[in-house]
> 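Quick one: structure below, then a few questions.
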2 protein chains.
Amino acid sequence: MSHAWHEEMQAEIKAGGRVSDRDIADKVRHAVLMQRLPPGTKLPEVTLGEVFGVSRSVVRKALTRLASEHVVDQRPNQVARVRAPSIEETRETFEARRLVEGEVVALLAGRLSAETLDALKVQAREESEAYRRGDEPARIEHSLNLHHLLAEQSPNRVLGGMLTDLVLRTSIVVALYKRSGLASCYQDGQHDRLLEHLADGEAEASRRAIHDHLHGLESLLDLSPREARIDLMSILGRTPEQA
Amino acid sequence: MSHAWHEEMQAEIKAGGRVSDRDIADKVRHAVLMQRLPPGTKLPEVTLGEVFGVSRSVVRKALTRLASEHVVDQRPNQVARVRAPSIEETRETFEARRLVEGEVVALLAGRLSAETLDALKVQAREESEAYRRGDEPARIEHSLNLHHLLAEQSPNRVLGGMLTDLVLRTSIVVALYKRSGLASCYQDGQHDRLLEHLADGEAEASRRAIHDHLHGLESLLDLSPREARIDLMSILGRTPEQA
DNA sequence: CGGGGTCATTTTGTATACAATAATGAGATA
DNA sequence: TATCTCATTATTGTATACAAAATGACCCCG
């Protein structure tokens, strides 16, 4: 674990009251999303416990939760690590998300209340503004909020839950495989177009918009199998940062 | 928890060696599927621990795992219970499964090896035979095996994992909402038809076959909202069996 | 210089003790 | 008789101790 993140967490802890396993999971998940904890990072139970001021029991539950979300790799008798999905899994995650999110927005088209539509627009605008001023963390945050809102609003809650999971997994692999040159994966206007179709009640157009959006996002990644960055890393045992 | 199940488990434990949280989760999951543990059944940690001869630590992990699979309801400071999905959730689960399993079989059409195709046919035949001789538990087992095989063979492993989850959840609600008069939810020949389309490489026909199969299955359930069996049960605090 | 094995260290797995919270039931009161 | 209160009990939440396993370093030997 990185020392910067370490101290940041401890500071936050002092302020608040007790921390639950959910709190820990939230913080770790967020750190992974923000690339503060790169894939392969070890997450020893005692260390995490010290960071958050709780015992291993609570940490273990948090790690188990994160493992069920595919954020962390938890194998028997081994320290948990931030997961590093393969290139193949990345493609499959995108395919799955296209299927599920496409269906969700198709179901959602024309059914959104004015309030939620406004909330979605706010996130889209904030995202675009964050992009313009070069604030990538904020940009990611707002993009995530937008898709998370869509998942929450899904008339089909089961599909909504699956979508929440897929949005998380997609974000992780985007952070992992983003072309090194690229500063951001922002695609101008795509969210706005989706929102228009949703407001107009055009189910199939909404589905297409999401498909295009996700295909575009995937195409911004470096998924060339030759390099096999991850495999090399794990094979060579190069662990980004230890506790 | 029922006493019959209780003793059965203890007997099994004596035979085998140590039990892991995964073992416990497997056994409980299976019992739920087989309706040995009806929805709402309390699952106190100490009791389960005694049954399986382990301490609460292991039981807790097993319960957490089952909760992430939506088999069990685990709320803070309350005893875990076998989940009782609502009628609404039942419909949504079926809808989600149609989407996902439809896509999986479409991807799978024409890509199955002769061996797996044979394995699938074996399960279909065994299911039909179990139905004919009135062995409902065996019938369910083979039907589950068939769909589980499909999920495992999915070229897209992410979709495959989601399908595994949905097959489980569907089975639970089928057990819950099966029309009381019906002895079985077997639909003659539907699995065979699907297998034919898969062998012939007809993706869209396979998708339709699954859709029909699942619509048919759903129509065999008693999903009339007036009765609201579950809600009544939970409101009246009627707990099927205590520990 | 490299391979392999042994031992100390680290880390997880499990059980248990105690604290905190929720469920239960008895008894008093209207 | 119904209901409210409060003590009792049952159950989960958390921390800790010890066992088991993996890790890593070191040394020996080829």
Side-chain angles (χ1 to χ4, degrees), chain A residues 1 6 13 16-28 37 40-68 71-83 233-243, chain B residues 1 6 13 16-28 37 40-68 71-83 233-243:
Chain A
M1 292 185 293
H6 196 287
I13 297 320
R18 276 154 209 72
V19 283
S20 70
D21 60 285
R22 193 182 294 264
D23 297 327
I24 298 178
D26 287 346
K27 294 250 187 283
V28 173
L37 293 174
T41 306
K42 288 190 192 177
L43 301 171
E45 296 175 358
V46 286
T47 314
L48 276 179
E50 287 165 7
V51 170
F52 288 101
V54 295
S55 80
R56 284 177 53 212
S57 324
V58 188
V59 174
R60 274 171 85 75
K61 198 161 184 178
L63 286 175
T64 301
R65 182 188 295 275
L66 289 168
S68 80
V71 175
V72 145
D73 215 6
Q74 206 182 19
R75 296 183 198 162
N77 293 317
Q78 272 174 250
V79 337
R81 287 164 175 274
V82 178
R83 235 171 82 87
M233 189 167 69
S234 66
I235 288 169
L236 297 178
R238 176 83 175 73
T239 70
E241 297 200 37
Q242 255 260 27
Chain B
M1 292 185 293
H6 195 287
I13 296 319
R18 277 153 209 72
V19 282
S20 70
D21 60 285
R22 194 181 295 264
D23 297 326
I24 298 178
D26 288 345
K27 294 250 184 284
V28 173
L37 293 174
T41 307
K42 288 189 190 179
L43 301 171
E45 298 175 357
V46 286
T47 313
L48 276 179
E50 287 165 8
V51 170
F52 289 101
V54 295
S55 80
R56 284 176 52 210
S57 324
V58 188
V59 173
R60 274 171 86 74
K61 199 161 183 177
L63 286 175
T64 302
R65 183 189 294 274
L66 289 169
S68 81
V71 175
V72 145
D73 214 6
Q74 205 183 20
R75 296 185 196 158
N77 292 318
Q78 273 175 247
V79 339
R81 287 164 175 274
V82 177
R83 236 171 81 87
M233 189 168 68
S234 66
I235 287 170
L236 298 179
R238 177 82 175 72
T239 69
E241 296 201 37
Q242 255 258 27

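Protein chains get the first letters and strands the later ones, always in sequence-line order, with residue 1 at the start of each. Not measured: the values here are computed from a predicted model.
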> Working to the nearest 0.5 Å, report the span between CD1 of A:Ile24 and NZ of A:Lys61.
11.5 Å

> Tell me, do B:Val28 and B:Leu37 make a side-chain contact under 4.5 Å, heavy atoms counted?
yes

> Could you tell me the separation between the CG atom of B:Leu43 and the C1' atom of D:dA10, rounded to a whole number of Å?
16 Å

> Ignoring hydrogens, what is the shortest heavy-atom contact between A:Asp23 and A:Val19? Give both atom names and the distance.
OD2-CA, 3.4 Å

> Rounded to the nearest 0.5 Å, what separation is found between the CD atom of A:Gln74 and the CZ atom of A:Arg65?
12.5 Å

> Under 3.5 Å between N/O atoms: give me all the protein pairs with nucleotides 13-18 of chain C, atom names plus distance.
{"from": "C:dG13", "atom 1": "OP1", "to": "A:Asn77", "atom 2": "N", "distance (Å)": "3.2"}
{"from": "C:dG13", "atom 1": "OP2", "to": "A:Arg60", "atom 2": "NH1", "distance (Å)": "2.6"}
{"from": "C:dG13", "atom 1": "OP2", "to": "A:Arg60", "atom 2": "NH2", "distance (Å)": "2.9"}
{"from": "C:dG13", "atom 1": "N7", "to": "A:Arg56", "atom 2": "NH2", "distance (Å)": "2.9"}
{"from": "C:dG13", "atom 1": "O6", "to": "A:Arg56", "atom 2": "NH1", "distance (Å)": "3.0"}
{"from": "C:dA15", "atom 1": "OP2", "to": "B:Ser55", "atom 2": "N", "distance (Å)": "2.8"}
{"from": "C:dA15", "atom 1": "OP2", "to": "B:Ser55", "atom 2": "OG", "distance (Å)": "2.8"}
{"from": "C:dA15", "atom 1": "N7", "to": "B:Ser57", "atom 2": "OG", "distance (Å)": "2.6"}

> In Å, rounded to the nearest 0.5 Å, how long is the span from CG of A:Leu63 to CD of A:Glu45?
6.0 Å

> If you define the side chain from C-beta out and look only at heavy atoms, does anything of B:Leu43 sit under 4.5 Å from B:Leu66?
no

> Restricting to nitrogen or oxygen on both sides, can you table the protein-nucleotides 6-8 of chain C pairs closer than 3.5 Å?
none

> How close or far is atom P of D:dT11 from atom CG of B:Leu63, stated in whole angstroms?
14 Å

> At their closest point, which heavy atom of A:Ala80 faces which heavy atom of A:Val72, and how far apart are they?
CB-CG1, 3.9 Å

> Please report, rounded to the nearest Å, how far the C1' atom of D:dT23 is from the CZ atom of A:Arg81.
11 Å

> Please report the distance, rounded to the nearest Å, between CD1 in A:Ile24 and P in D:dG13.
15 Å

> With heavy-atom distances below 4.5 Å as the criterion, would you say the side chains of A:Val46 and A:Arg56 are in contact?
yes

